[in-house]
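The figures here come from the full heavy-atom set of this structure, side chains too, leaving out hydrogens, waters and symmetry mates. Whatever order the structure lists ligands and atoms in, that order sets their numbers, starting from 1.
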Amino acid sequence: MIAIGSDHGGFELKEAIKKHLEEKGIEYKDFGTYSPESVDYAVIAAKTARSITSGECERGILCCGTGIGISMAANKVKGIRAACCSDYFSAKYTRLHNDANILCMGGRVVGAGLALELVDVFLETEFEGGRHQRRIDQITAIENGEL
Ligand code: RB5
C-alpha cells in the first residue's frame, strides 16, 4: 500500500499520480487534501508519514508547491527518510543509496509527465544495502541522539 498526500500546492499533481497508480493497479491510501482549498502541509505530512512508520503503508508520495515544506515536515517523523526530487537520477538513487521511504515533489516545480516517471522509478527501485546500510544506521543514530 502506497501512502499519498498533498497540500493545495500539490493537489493537482497528487490527483494525476493517483490516476497513474490506478492504471498500474497499485493500491494507495489518500491522506488528503481532497480539494484545492488552502491547507497546511505539515498536517498532511504527519498523517502520511505515520502511516509508514506504523507499517500500514510501505512507502509514500507527498506533494506541495515546491516539495520542500512537506519533505521537511515528513522528515521530523522518526523513521522517515523523505527525499524531495525533481530529476530521475535523484529519485532512483535515493532508493538505491538512502532507502528513502517517501518521495516528495513540487506541483509548481515538476510537470505531471516527469513526476510520473519519478514515481515509477522510486517505486520500482530497491535499496542496495551494503555500505549504505551503515549510513542509514547513522541517520537513525542522529534521530536517537546517539550521534
Ligand atoms: C503553499 O503556498 C506552499 O508554501 C507550499 O505548498 C509549499 O511549497 C511549501 O513548501
Side-chain angles (χ1 to χ4, degrees), residues 1-127 132 135-145 147:
M1 180 73 71
I2 301 302
I4 186 160
S6 77
D7 73 352
H8 52 291
F11 176 70
E12 206 179 308
L13 182 56
K14 172 172 72 73
E15 295 305 301
I17 294 168
K18 280 165 58 179
K19 185 168 171 283
H20 181 67
L21 295 178
E22 280 160 25
E23 284 167 5
K24 297 193 83 167
I26 297 173
E27 281 193 320
Y28 65 81
K29 183 164 179 184
D30 184 359
F31 288 88
T33 188
Y34 305 112
S35 85
E37 294 300 309
S38 181
V39 291
D40 297 331
Y41 57 78
V43 177
I44 305 287
K47 282 186 199 163
T48 308
R50 292 199 194 286
S51 79
I52 294 166
T53 54
S54 72
E56 182 188 3
C57 296
E58 292 151 43
R59 280 182 220 164
I61 300 166
L62 284 171
C63 307
C64 67
T66 58
I68 297 172
I70 208 156
S71 64
M72 286 180 169
N75 274 318
K76 295 296 177 189
V77 175
K78 206 170 173 177
I80 290 298
R81 290 177 300 280
C84 182
C85 298
S86 54
D87 70 276
Y88 188 89
F89 185 87
S90 299
K92 179 174 179 175
Y93 275 80
T94 200
R95 286 289 311 132
L96 285 171
H97 288 187
N98 312 130
D99 198 16
N101 46 18
I102 300 184
L103 171 67
C104 301
M105 293 176 291
R108 298 169 186 157
V109 179
V110 293
L114 173 59
L116 300 184
E117 296 271 320
L118 304 189
V119 164
D120 285 347
V121 74
F122 181 81
L123 295 182
E124 286 162 11
T125 306
E126 291 306 321
F127 178 48
H132 302 294
R135 294 156 186 166
I136 300 305
D137 293 343
Q138 289 164 350
I139 293 174
T140 304
I142 294 172
E143 277 182 339
N144 294 332
L147 183 66

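There is no protein heavy atom less than 4.0 angstrom from atom 4 (O) of ligand 1.
For atom 7 (C) of ligand 1, the closest non-hydrogen atom of the protein is Cys64 SG, 3.3 Å. At the shortest separation from atom 8 (O) of ligand 1 among protein heavy atoms lies Thr66 N, 2.9 Å. Of all protein heavy atoms, the one lying nearest to atom 1 (C) of ligand 1 is His8 NE2, 3.5 Å. The protein atom (non-hydrogen) at minimum distance from atom 9 (C) of ligand 1 is Tyr41 CE2, 3.5 Å. Nearest protein heavy-atom contact of atom 10 (O) of ligand 1 is Gly69 N, 2.9 Å.
Arg108 counts as a contact of ligand 1, since one of its heavy atoms falls under 4.0 Å from the ligand.
Some N or O of Gly65 is nearer than 3.5 Å to an N or O of ligand 1, by distance alone.
Residue contact check: Asp7 has heavy atoms under 4.0 Å from atoms 1 (C), 5 (C), 6 (O) of ligand 1.
Proximity of Asn98 to Ile139: side-chain heavy atoms (C-beta onward) are nowhere separated by under 4.5 Å. Contact annotation: the side chain of Ile17 approaches that of Leu116 to within less than 4.5 Å [non-hydrogen atoms, C-beta and beyond].
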Fill in: Glu22 and Tyr28: CA distance, side-chain angles, deciding distance, side chain to side chain contact (heavy atoms under 4.5 Å, CB included) verdict
CA-CA 8 Å; Glu22 280 160 25; Tyr28 65 81; 2.3 Å; yes
Discussion item. I'd like to know whether Arg59 forms a salt bridge (charged side-chain N to carboxylate O under 4.0 Å, His left out) with Glu124, so could you lay out the CA-CA distance, the side-chain angles of the two residues, the decisive distance to 0.1 Å, and finally the verdict.
Written reply: CA-CA 11 Å; Arg59 280 182 220 164; Glu124 286 162 11; over 6 Å; no
Practice prompt. Show the numbers, then the answer: is there a side chain to side chain contact (heavy atoms under 4.5 Å, CB included) between Met105 and Val119?
Written response: CA-CA 10 Å; Met105 293 176 291; Val119 164; 3.8 Å; yes
Worksheet item: For Val121 and Arg95, what are the C-alpha separation, side-chain angles and deciding distance, and is it a side chain to side chain contact (heavy atoms under 4.5 Å, CB included)?
Response: CA-CA 9 Å; Val121 74; Arg95 286 289 311 132; over 6 Å; no
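Classified by interplanar angle (parallel below 30°, tilted 30° to 60°, perpendicular above 60°), the ring pair Tyr93/His97 is perpendicular.
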